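Have a look at the structure below, then the notes.
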Amino acid sequence: MNLWFNALAGGALIGIAAVFTMLALGRMTGISGIARGLVFGGAERAWRASFVLGLVCSAPAYAFVIGRSGIGTSAANLATLAVAGVLVGVGTAVGGGCTSGHGVCGIARLSKRSIAATLIFVLAAMATVAIARHSLAAAP
C-alpha cells in the first residue's frame, strides 16, 4: 500500500478511537494518561489495559493481514531506547500530556494550552531531527 494511504488510514483510526473513547467513556484519548492510570492503578484499569493491548497488538495484526509491518528497525541499542522512553515519559509528565492528548483531542477542543503544547512538540521534533541529521552524523 502507499505510504500516504497508511498515514491517512492511521490518522482516521486515531480519530475514531478518540471519538469512541470520549463517547463511550467520557475520557480523552491521551496515551500517556491512559498508560499512567494503568501502571499506577485506579478503578478504571480494565478499559485502560484493553486500550494499551490494542495499541501493542495493532502492528502485529497489520503485519498479519498485509504481510509486512511497514515499521522500520532502529539502529539504537536497547539502553538508548530505554533512556529515550524514560525521557518521553518525563516529558509527557512535565508537559501535562502527550501528542495524542494535546495534538488530537486538545486541538479538536480548541484548547489554547494544547495548541501551544503541540507547537512545542513539533518544533522540538524538528530541532531533534536537524541535530541528529546534521550534527551527530558528521561526528567521528
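A quick note: this is a predicted structure, and the numbers were derived from the prediction, not measured.
In this view, Leu81 and Ser74, Ala76 satisfy the side chain to side chain contact (heavy atoms under 4.5 Å, CB included) rule, not counting sequence neighbours. Residues passing the side chain to side chain contact (heavy atoms under 4.5 Å, CB included) test with Ile107 are Ile115, Thr118, sequence neighbours excluded.
Residues Val86 and Val88 do not share a hydrophobic cluster, clusters being chains of Ile/Leu/Val/Met/Phe/Trp/Tyr side chains in contact below 4.5 Å. Taken together through direct or relayed side-chain contacts under 4.5 Å among Ile, Leu, Val, Met, Phe, Trp and Tyr, Val122 and Val104 form parts of separate hydrophobic clusters. Met126 and Leu119 fall into different hydrophobic clusters, where Ile, Leu, Val, Met, Phe, Trp and Tyr residues are linked whenever their side-chain heavy atoms come under 4.5 Å apart, directly or through other members.
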Donor-acceptor pairs under 3.5 angstrom involving side-chain atoms of residues 19-34: please list them, not counting sequence neighbours.
unit_1: Thr21; atom_1: OG1; unit_2: Ala17; atom_2: O; d: 2.7
unit_1: Thr21; atom_1: OG1; unit_2: Thr29; atom_2: OG1; d: 3.3
unit_1: Arg27; atom_1: NH2; unit_2: Glu44; atom_2: OE1; d: 2.8
unit_1: Arg27; atom_1: NH2; unit_2: Glu44; atom_2: OE2; d: 2.8

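Sorted by first and then second residue, the pairs that involve residues 94-108 and meet side-chain hydrogen bond (donor to acceptor under 3.5 Å, both in side chains), not counting sequence neighbours, are His102-Ser114. Here salt bridge (Lys or Arg N to Asp or Glu O under 4.0 Å) pairs that include residues 102-113, with residues two or more places apart or in two chains, number zero. The stretch residues 76-96 participates, sequence neighbours left out, in these side-chain hydrogen bond (donor to acceptor under 3.5 Å, both in side chains) pairs: Asn77-Thr80.
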